[in-house]
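Sequence lines set the chain letters: A, B, ... in the order given, protein chains first and strands last, and positions in each chain run from 1.
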Amino acid sequence: MATFATDKEINASFQQDVHLGVNSFSAVAGIEDRDVVPATATTEIFGRFQALKTLLHPNLCEYVEIVKGKHDRLFVVFEYHMNHLGELYQSSGQVSKLGISMLREWAFQILKALAYLNQNGITHHNLAPHNILYDVEGRIKLADYGLFYMTNGGVDVDFPIGYPHYLPPEAIYRQVNKPEATGKVDVWSLGVILAEIFTGSPFWEGNDKDIEKLFSSLWKLQEEEEHNDDIWEKFFIWELGINEAILEFLQGTDDDDIVDFRKFIRACLKVDVSNRCSPEQLLSHPFFSSSYGHGLSNNYKYWWKKPFLQSQQIDFDEESLFEPVDDQPNKDVLHRMPLSQIYYFWKLAGGDVETELAKRGYLLSTPPIERIPRTVKVQDGKEEGTTEDTAFLFSDTIYTLSLKELRQRLEVATGPNREAFEWDTDYFLLIDEDDMNFLVEEMSDNDNSGSGDEVFGKYLFPDPNNHKVTSSSTNGQTTPPTNNVKLPLMNREKDVGYQFQRVALFSELLRQYPASRDEIIHHAKVDIPPFLRGKIWAAILGVKGDYQALYDSFKKETETTTDRQIDVDVPRCHQYNQLLSSPIGHEKLRRLLKCFIAANANNKLVYWQGLDSLCAPFLTLNFNDEALAFSCLHTFIPKFAQDFFLSDNSPVITEYLAVFRHLLSFHDPELSSHLDRIGYHPELYAIRWFLTLFTHVFPLEKTYHLWDKILVGPPSLPLFIGISILRQLREMLIKSEFNDCDTFSESFPDVDIEKCIQSALSMCKVTPPSVIYRVHEPFATPDTLHNGVPDHHIQRWWEQPIPINDKKTELAPRISLKDLVKLKNHVLVIDIRSEQEFSRGHFPLSVNMDPTQLEQFAHALRLENKKYHVVLGKRGDLGPQFAADLVRANFPRVAVLTGGIDVMRVDPEEGVSVCACRNFTSGSKNGTAAYRKCRICF
Amino acid sequence: MSTTNNRQNAHASGKLYQFKLVLLGESAVGKSSLVLRFVKDQFDDYRESTIGAAFLTQTISLDDNTTVKFEIWDTAGQERYKSLAPMYYRNANCAVVVYDITQASSLDKAKSWVKELQRQADPNIVIALAGNKSDLSARRAIDSEEAQAYATDTGLLFFETSAKTAVNVNELFTSIAKKMPLEQLAANSRGRGSSSKQRGVDLTSPTSSNNCSC
Ligand SMILES: Nc1nc2c(ncn2[C@@H]2O[C@H](COP(=O)(O)OP(=O)(O)OP(=O)(O)O)[C@@H](O)[C@H]2O)c(=O)[nH]1
Ligand SMILES: [Mg+2]
Ligand SMILES: [Zn+2]
């Protein structure tokens, strides 16, 4: 059900010959008198803009992106078409010959678009002939309709929005800061524009700059309206500076041909707002009645195709004019591509709107604009009027972006000699011939694992030897041919050719989701194209079904006791991020958190500080789809932060940190024992690491990359990432005393995320699962620890979970017999029982020594040159302490065998049996017999 | 008053004392902001909330031959993190309990922290009460006099501070340093140096002393 292709992607196939346009403006400067930390107007606009990206209507130009440039200047990128109704003004007189049917068609499409905007709570307020565009098929496309909305009705900017000649009286005399404007404003504008086109003369006569006259006329209209029913019939109307041609048309007597058209225009031009129809209502005006209706929407096709004229408002990119017109649009690499994607690739190909506009002299020019002197604003009885020139704040000049470079780059990338990238699926699999790989082991163990949903319980990794994937749902979209180009992740992300291929692959797979989930996971292990990250994550997490309904089903408005905490945390959460720092971002994050609490009331999960950070990546990636963000969070937490948000989470967190400490000893005994000696325990720095899966530690850009791997990795990966972080800072840490360790509290030191992930994965590969076993692990079964114990079996002493306080104090982890056997040639088993016990039965090839004599035998042990060191003892002996001694003596990969010798006797593992040889050799030359070694192999 | 990070100098010119200081108080009253102001002389409108705790150090010179080094534990304010607090205050020498002058409830919370410290922490602990965000006096909800009276009754140092404008922040930490029984502690901290067990925080069963009834 949940395919993640949006309407826009489907719609994209209908777009032809589209351009990307840019225009730019600045928000008002900071508002001083707020004592709450102010969201700047720029941030507010940034947040409000996001919703515009979701609008989709055949008669609207799509909004693509908003970019914040230097000095907080905003650049808006949107769909643009070369032709607009303003061009008709140049050929005035001819226009009425277009015929009423043409005007009817335009009126109808414009109203459709306005009605749609209205439904979405948006007023255009900026309608003018030059922003009514039409595409190559003659279809109307409104542009610039979001300015009034994104600036909160103009409050956030210092320039007036709207062209006075097209605005109704109430728009001019509306109280500032009270944007009660509705779609009826736009209806007036439409009336004016159509009347102009029909008559071929401007509505208002005289100089464009004579704003004063215009304003007094509008004022007069407003005043007279109160005393007159039908103002257009009145005599005074001739004194207002409205063109005679217009008035003659409006007052004209019935003429069969245009009677409905005149009525329609008069309906648009009702001065009293309450009598004026909304766009929606006007759609059923007799002008559009069925007698004409059958012709609508088709008969105008290609009618108005003509060589375009460069108008004053548009600054064409010279180059783009000479771009060859593609006769076979299907050959265009950009064909069928959503605009947002085109823009994304354009940036990857080196595009930057700010530099682009600067190159074309934009920043030098201060284009003349018509403007309303910001009218009287009454505040505390004081009258304030702005008279200074605000032209530099806004320019309605539109620049088109040249896609030439991008086309060339993509043609190379898709052509016959395209670069082939090695999709390094080996990332998880690089096998050190000389070492273990538990991930691969696990995979072959689970060959017959069931549905994809189990993927998190097991390590479902691709087969290293062939690139076949588990599902066969795609048609030929398997791993492409490879050569030996291996790029670092960061380069791959910036390579337009590579991203083009990745986006194509994943778009296809997402269309086939959920059937393609396994395949998505398979390819995601290589890397995830940032453009599709939000959806790919959702697919990996297995979000299915009607997630919107799920989200809607939870009460998000109910007051709770955590509200205060959420309210103080939300405005502190990743505020460097444009989306999260906007007021809309705050609202959304708050709603998501409240929804999560409501949804998990039965699971006893509560709000802990930190949940906000954990939520942040999902929200930023799905800013316009809160429901999807919620579903991602909702499936993520049980998988990766199981029980972390219980109101009493201390057993879970304590165990997690204990395992983390063991793991550090296992992989870096020197660092572990150093930190232990200076008393710098994980409790002091690592709680926020794991509670927030590093989102409270790294900026979002780094978190995305980390999570790309966490999502497709084994559940223990975060632990290893923690170790990698410590090891990257090793040099500094090892020299530090306790007091010098304040690094972790501060803005995080530079950690190379890619290296960090790589080293985490390679440690993960060589770590036996039982070493990182947690009672509170998601999907934990005691089997991980004690393989093959039948269910009915009475519990042995070693099957009791280790008391948490012991687990916490022990420096080294425990290992299961099953894992020990797999270590075969790589392990040195150190038996610390007495000589007698040892000779009665021992682990093959193990050594036997007195645990108090480590100093004496350390050298001999090192000569064995093994990768793993496992301590074998018996119940209640010094095993854990001795293991800690080994860690302090810097032995790598030390663990204690769970159940000691007893487990070997009672639950023998396949492939190993107790050896009872007496054929020991003494490892000690100086006559003491305290060190023995079994020579019998497995 | 001058602050310095230069340990060498501090040593050369006289005695160096080390104190462990813990910050407690309701969430968002400005604990982390106070520390940031004190340690780095910065203020950040968008400071992230604290999870678990954060550790920082800062050294100040009281006079030519007395230097004090604070090991500062900045704790998380959310009530849920309360069970971690004993871990940080258990062997603290001094504490700053912070409230927000614009939030009436935050003083009650501060009072309950003071009670808990008096009951559970080192009996010689020096406690200061800080009414933060004094720059927002327009929205003041707690009278200085009321807080001052409470502090006097309870034997606490008292300051109204602003992490944003830096008012009284250094004064706060300096007065704490001055109120520490330096000579007595000097003896202790000499002994401490050798035993690493004494350093940092006390991790032994953080919940065991969490039986206070407030
Ligand atoms: N105006 C003003 N704002 C302050 C002051 N101190 C802190 N703030 C603001 O108050 C908010 C909370 O400050 P923090 O320092 O994060 O508060 P905290 O006590 O550490 O909060 P937790 O970590 O959640 O316990 C932030 O937005 C700060 O910018 C101050 O002196 N004046
Ligand atoms: Mg804090
Ligand atoms: Zn043997």
Side-chain angles (χ1 to χ4, degrees), chain A residues 35-38 561-562 564-565 567-577 580-581 606-613 645 647-650 653-654 657 676-692 696-697 737-747 805 808-809, chain B residues 7 18 20 26-29 32-33 35-36 39-40 44-59 69-74 76-81 83-84 87-88 100 102-103 105 133 135-139 164 193 195-207:
Chain A
D35 48 20
V36 194
V37 177
T561 47
T562 27
R564 190 200 100 90
Q565 191 63 51
D567 289 344
V568 298
D569 287 350
V570 163
R572 288 187 288 169
C573 184
H574 293 282
Q575 293 301 294
Y576 56 85
N577 179 279
L580 293 178
S581 60
V606 297
Y607 179 78
W608 282 84
Q609 275 186 301
L611 188 63
D612 51 337
S613 284
F645 295 95
S647 67
D648 180 14
N649 62 4
S650 76
I653 302 286
T654 313
L657 296 176
D676 190 53
R677 187 182 61 76
I678 63 172
Y680 205 62
H681 299 289
E683 280 82 349
L684 304 182
Y685 59 87
I687 290 178
R688 67 182 186 128
W689 292 13
F690 301 117
L691 194 75
T692 69
H696 195 267
V697 178
E737 284 303 313
F738 187 90
N739 276 342
D740 312 320
C741 292
D742 49 7
T743 344
F744 288 143
S745 306
E746 275 310 290
S747 50
N805 270 332
K808 212 171 111 178
T809 28
Chain B
R7 259 191 292 172
Q18 285 206 19
K20 192 183 143 187
E26 197 175 18
S27 181
V29 295
S32 304
S33 302
V35 177
L36 185 68
V39 173
K40 299 230 168 117
D44 180 357
D45 276 329
Y46 308 115
R47 191 108 186 113
E48 300 261 323
S49 62
T50 310
I51 295 174
F55 175 68
L56 289 109
T57 58
Q58 174 65 311
T59 306
K69 177 165 187 173
F70 285 112
E71 298 169 15
I72 303 167
W73 284 96
D74 171 23
Q78 190 186 12
E79 182 73 18
R80 297 195 189 286
Y81 284 97
S83 64
L84 290 176
M87 188 158 97
Y88 303 105
D100 173 350
T102 70
Q103 297 289 326
S105 66
K133 308 198 187 179
D135 56 294
L136 300 181
S137 52
R139 295 193 317 187
K164 187 168 187 167
S195 153
S196 60
K197 288 272 184 299
Q198 282 285 85
R199 309 222 108 187
V201 295
D202 183 355
L203 288 171
T204 50
S205 51
T207 45

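D135(B) is linked by a side chain to side chain donor-acceptor pair (under 3.5 Å) to S162(B), counting only residues two or more places apart in sequence or in another chain.
Looking only at distances, no side-chain donor or acceptor of Y88(B) sits under 3.5 Å from a matching main-chain atom of L684(A). Side chain of Q609(A) to main chain of I51(B): no donor-acceptor pair is present (N/O by atom type, distance under 3.5 Å, no hydrogens or angles). The main-chain N or O of H696(A) is never found under 3.5 Å from a side-chain atom of E48(B) such that the two would form a donor-acceptor pair.
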Going through the distances and angles, do Y685(A) and F55(B) end up as a side-chain contact (heavy atoms from CB on, under 4.5 Å)? CA-CA 8 Å; Y685(A) 59 87; F55(B) 175 68; over 6 Å; no
Walk me through whether Q78(B) and Y607(A) qualify under side-chain contact (heavy atoms from CB on, under 4.5 Å). CA-CA 10 Å; Q78(B) 190 186 12; Y607(A) 179 78; 3.7 Å; yes
Apply side chain to side chain donor-acceptor pair (under 3.5 Å) to Q565(A) and S27(B), showing your working. CA-CA 7 Å; Q565(A) 191 63 51; S27(B) 181; 2.8 Å; yes
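When each of G52(B), A28(B), S49(B) is checked for heavy-atom pairs under 4.5 Å with chain A, S49(B) comes out on top. Ranked by heavy-atom pairs shorter than 4.5 Å toward chain B, the options D648(A), V606(A), I687(A), L691(A) are led by V606(A).
Using a 4.5 Å cut-off between heavy atoms, T692(A) contacts chain B through its side chain alone, with no backbone atom that close. Neither the backbone nor the side chain of T809(A) comes within less than 4.5 Å of any heavy atom of chain B. Only the backbone of T50(B) comes within contact range of chain A, with at least one heavy atom under 4.5 Å from a heavy atom of that chain.
For the atom pair CG (D44(B)) and CD (Q575(A)), the distance works out to 10.0 Å, reported to the nearest 0.5 Å.
Nearest heavy atom pair, residue S647(A) against residue R80(B), reads CB-NH1, 3.9 Å.
The pair E26(B)-R564(A) meets the salt-bridge criterion, since a charged nitrogen lies less than 4.0 angstrom from a carboxylate oxygen.
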